[in-house]
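One structure below.
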Number of protein chains: 2
Amino acid sequence: MSNAVEEEIVEGDHREISVAEFFEKNKHLLGFENAQKSIITVVKEAVDNSLDACEEDEILPEIHVLIDEIADKKCRIEIRDNAIGLDRETIPKVFGKLLYGSKFHKLQQSRGQQGIGISASAMYAQLTTGEPVTVYSKQKGRPCHKFVVRIDTEKNEPEIIKDEVIDADSNEFPGDKDYYFDHGTTIEMDIEAKYTRGHHSVYNYLKHTAIMNPYARVVLREPDGNKVEFPRVSRELPPAPKEIKPHPHGVELGVLMRMIENSNARTISSFLQNEFTRVGRTSADEICDEAGIDTGRRPNTLEKDEIEQLLKAAQRVKLQSPPTNCLSPIGEELILKGLKKELNPEFSTAITRKPTVYKGNPFQIEVGLAWGGDIKEEGSYNELRFANKVPLLYKKSACVTTKAVEEVSWNRYNISQTGERPQGPLYVLVHIASVWVPFTSEGKEAVANYDPIRKEMKLALQEAGRKLGRYIGRKERRAIQEKKKRQLTAYAKEMGPAIAQLAGDGDSDQIQEKIEAMVQADYNPEQL
Amino acid sequence: MSNAVEEEIVEGDHREISVAEFFEKNKHLLGFENAQKSIITVVKEAVDNSLDACEEDEILPEIHVLIDEIADKKCRIEIRDNAIGLDRETIPKVFGKLLYGSKFHKLQQSRGQQGIGISASAMYAQLTTGEPVTVYSKQKGRPCHKFVVRIDTEKNEPEIIKDEVIDADSNEFPGDKDYYFDHGTTIEMDIEAKYTRGHHSVYNYLKHTAIMNPYARVVLREPDGNKVEFPRVSRELPPAPKEIKPHPHGVELGVLMRMIENSNARTISSFLQNEFTRVGRTSADEICDEAGIDTGRRPNTLEKDEIEQLLKAAQRVKLQSPPTNCLSPIGEELILKGLKKELNPEFSTAITRKPTVYKGNPFQIEVGLAWGGDIKEEGSYNELRFANKVPLLYKKSACVTTKAVEEVSWNRYNISQTGERPQGPLYVLVHIASVWVPFTSEGKEAVANYDPIRKEMKLALQEAGRKLGRYIGRKERRAIQEKKKRQLTAYAKEMGPAIAQLAGDGDSDQIQEKIEAMVQADYNPEQL
């Protein structure tokens with residue numbers, strides 16, 4: 001920055017800032033505002049990674065979250081999974097370096113996408129308690145590795161403090177032994193933390209996780225020793241998402257220029273076919289024609305203006321939208337299972353929309369509505385927000401999900417509203433699955449309000465709303481019928497004898513029975 | 001991340017992510033969501049740096065913002081200042097590397113604090129138009145340097161494309177010559193942009209800047225050639241803020257451990273005195289006693305537990321709060337000048353609170369209220385939000401300023417409310433000056449809702465509110481008086497003759513005059 005540079009002359013105090021220093025000072029951007037929120041963030045990042053890891057290798061997830069209060073406002077968090085375990089070479093960087101990972105450069109749906117989460121948690125532990133992170137990792141039939149790693153914040157590089165092999169069945173391995181440790185990863189951190197209950201709590205985060213990941217078994221041990229299990233209700237994993245290449249309609253000029261610079265393709269045509277999805281021989285040639293560029297030219301001979309032409313052409317040419325096997329929605333059936341399991345509602349419905357695209361990124365919206373039953377009427381509705389199956393507990397009002405809910409006119413579906421929000425014993429579940437979720441901060445707490453996303457959510461909510469509305473409508477009509485029947489029956493009881501007399505027939509009972517039978521018979525009271 | 005590492009085994013696609021790649025993909029975090037917002041962000045980052053640079057060297061700022069539409073949705077932005085110019089050695093990194101600067105590691109109020117802003121703008125230009133950034137820099141009596149710089153996004157390192165000396169008075173130097181270029185910096189970027197008017201506009205950003213920086217002269221040339229000048233109304237710069245050392249009450253364990261590790265002080269006592277503000281010999285010894293640690297020990301011999309003890313002790317020991325000459329509020333007088341200049345209100349008032357501290361960071365709140373006059377009644381109030389003199393145009397509802405405004409009961413001050421927000425021809429100005437403003441995102445659009453900050457804002461608003469309330473009250477009473485006087489005068493005109501007759505005196509005019517005189521005289525109509 002300019003004045004920074006004046007200082008260079010004056011004081012020469014100009015410096016590079018390591019990304020770890022940056023996020024240490026800005027830790028609130030990562031969800032480490034305070035001791036109550038930080039414990040949720042740490043659990044979230046670890047559990048997300050464990051779920052990603054299990055799905056990656058098609059293992060039914062088994063996740064244990066053990067929390068102990070080791071001092072005032074200080075907790076030891078231990079999180080274990082049954083994934084295939086970590087490769088010892090990469091452990092240090094995974095936990096000891098920010099902006100390191102395999103998901104960032106990939107177009108594929110996953111919970112993690114930034115390469116910040118878990119190393120930031122380790123950084124937070126180190127910052128608040130001075131303690132490094134401990135990682136136990138065991139791969140099937142291989143020894144159990146124990147690593148103790150800290151971050152050199154000024155360099156954003158890991159420091160390995162311990163690197164040893166331990167006996168997983170011995171007491172060297174922490175925690176209760178009721179969990180068979182054949183393969184998987186366990187991480188252990190001491191952090192400044194405040195364990196609380198209520199909406200913003202580890203418990204609630206795991207409960208929402210269980211709803212959206214019903215094929216996972218999650219166990220929580222709270223500081224007071226109380227054990228909560230979120231059981232597995234489905235044994236089938238959703239199909240694993242595939243990685244895709246970028247779509248020409250979503251790429252920006254600067255990126256295309258870089259791709260061309262780095263490409264060693266021999267012709268533009270092959271470059272386009274190799275680097276992009278949905279570009280075959282024909283469309284590649286079409287794009288070049290449209291741009292007025294010879295398909296046979298070497299990519300690295302293109303001038304900037306020609307590349308700009310190429311991009312504009314690619315965006316004009318009609319192309320299939322990107323393949324959607326890069327997405328892994330959980331599907332209507334599992335959403336319903338999840339809702340029923342955790343909420344036990346009187347009525348529930350779910351919608352999974354077809355995939356669509358924003359800025360070249362495929363995404364897919366799913367919603368669920370749960371009504372009545374064990375759900376208490378608490379005035380406003382309850383929201384269950386998810387991005388790539390990860391619960392979003394914070395920044396509700398800043399989230400596109402809330403904007404979408406507010407755009408639906410719920411009273412059309414027999415659901416009362418205060419202002420724009422629906423009322424009643426109602427849970428609204430909204431899930432966005434995408435290869436790149438546009439979060440409003442690194443803390444991944446809310447999704448940016450992009451039109452294509454909001455519109456898809458609104459359509460899904462309306463579709464589900466109609467179903468719920470019909471149910472509520474039928475129920476109300478039935479209630480009215482019942483009431484009328486009761487009245488008429490009572491009426492029959494009283495008037496029966498009188499009518500009998502008027503009819504000049506002594507047997508009032510018979511007449512009364514007839515009237516009652518008529519009343520009880522299945523007819524439409526509206527006609528009376 | 002754990003599954004990332006499984007992939008390492010499976011596919012080995014594990015990679016480091018450069019901070020430039022990260023923010024290129026997450027550019028919405030920096031304020032580059034769309035073409036309309038991005039142009040404001042680019043201007044903002046450049047103008048902030050120019051103002052910082054001028055104040056740094058006590059130069060009355062002169063800033064020109066020239067915007068040309070060079071193609072559909074493409075603008076050339078040129079921003080010039082009259083600061084002392086940039087040192088040629090640092091220009092490349094300042095514009096070609098993210099997380100590089102002198103402000104991040106400093107506890108001193110400045111507009112920039114992250115080392116991201118201007119290089120991110122250059123990155124956005126390169127991403128959307130493929131064009132590098134051009135920088136002209138001239139120091140007094142020295143030649144004018146011209147640099148053309150691009151960012152190697154994958155490395156987050158600058159690439160120098162041109163580095164030459166030009167004749168500043170020749171046509172090699174861009175833009176209109178009405179601006180004498182003796183010293184200063186000019187930057188030129190081509191970006192994807194949409195120039196708009198209204199609340200979210202470059203014009204409004206500069207207007208708000210002019211209000212809060214009345215000692216600056218700012219000129220805007222809009223794409224249609226229309227020139228707007230925001231004149232200078234004060235020739236005195238606020239006192240330049242001083243750099244301070246951290247305060248023991250604001251430091252975290254991990255940071256203290258690092259400071260001790262890096263320290264070559266011979267004793268703990270001297271370490272504490274050298275590294276912290278408000279720690280003299282006596283308090284240093286007090287802290288050591290409290291921690292049960294010998295003041296004479298070498299810092300680097302301390303165990304982690306001992307350092308933890310030391311920190312706890314330092315936080316228990318009573319210390320003066322940090323010095324506040326690191327802050328540079330603009331003061332009540334200049335706030336009033338700014339409000340009057342740009343809004344021409346009927347009544348205005350300003351409050352500058354005493355500095356105070358959050359998490360060891362000194363901060364200071366200023367507010368201003370402007371009422372009536374040229375300010376239109378548009379239902380809800382208008383807000384002018386500033387952080388270190390920088391206007392905040394976005395994320396109003398997420399900002400602590402708005403929460404503070406909503407906590408004040410305005411109707412107590414004769415100002416009507418809808419819900420929690422004040423109504424009427426009202427501008428509410430809120431300014432936070434701090435060595436470290438806790439923004440809710442890298443885009444620096446809103447300030448986090450921290451209790452000590454919100455409370456200070458509320459107190460300031462109440463103080464100013466009382467003044468405005470008194471004014472409005474007096475005005476209403478005066479209006480009532482006027483009305484009564486008019487009524488009585490009319491009454492006198494009619495009744496005068498009658499009374500005269502009753503009095504048996506023919507000269508009704510005299511009596512009428514007497515009554516009118518009485519009515520016009522300065523008395524309290526309430527007594528009638």
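Lettering of chains follows the sequences in order, A, B, ..., and the numbering in each one begins at 1. Just so it is clear, the model here is predicted, and its values are computed rather than measured.
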Return yes if a side-chain donor-acceptor contact under 3.5 Å exists between B:N26 and A:E442, otherwise no.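 No, no side-chain donor-acceptor pair sits under 3.5 Å.
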
Once you round to the nearest 0.5 Å, how far does CG of A:N449 lie from CD of B:E33? 10.5 Å

Calculate, to the nearest 0.5 Å, the distance between atoms CG and OG belonging to A:L29 and B:S441 respectively.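 It is 7.0 Å, given to the nearest 0.5 Å.
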
Are any side-chain N or O atoms of [X] and backbone N or O atoms of [Y], one a donor and one an acceptor, separated by less than 3.5 Å?
X     : Y      : result
A:K93 : B:R15  : no
B:H28 : A:F439 : yes
B:K25 : A:Q114 : no

Please classify the contact of [X] with chain A as side chain, backbone, both or neither, using a heavy-atom distance under 4.5 Å.
X      : result
B:F23  : side chain
B:N262 : side chain
B:S119 : neither

Could you pull out all residues at least two apart from B:E55 that satisfy side-chain hydrogen bond (donor to acceptor under 3.5 Å, both in side chains)? B:R111, B:Y215

Would you call [X] and [Y] a side-chain contact if the rule is heavy atoms closer than 4.5 Å?
X      : Y      : value
B:V255 : A:L127 : yes
A:I116 : B:F22  : yes
A:T128 : B:L253 : no
A:E131 : B:K304 : yes

Top residue by heavy-atom pair count (under 4.5 Å) with chain A, among B:E308, B:E154, B:Q126, B:M257? B:E154

Where do A:F104 and B:E16 land on the side chain to side chain contact (heavy atoms under 4.5 Å, CB included) test, with the steps shown first? CA-CA 9 Å; A:F104 181 86; B:E16 180 167 346; over 6 Å; no

Which atoms of A:S397 come close to chain B, meaning under 4.5 Å heavy atom to heavy atom: side chain ones, backbone ones, both, or neither? neither

Ion pair B:E21/A:R258, N-O distance below 4.0 Å: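 No, this pair does not count.
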
Interface residue of largest heavy-atom contact number with chain B, from A:T129, A:L256, A:N34, A:D152, under 4.5 Å: A:T129

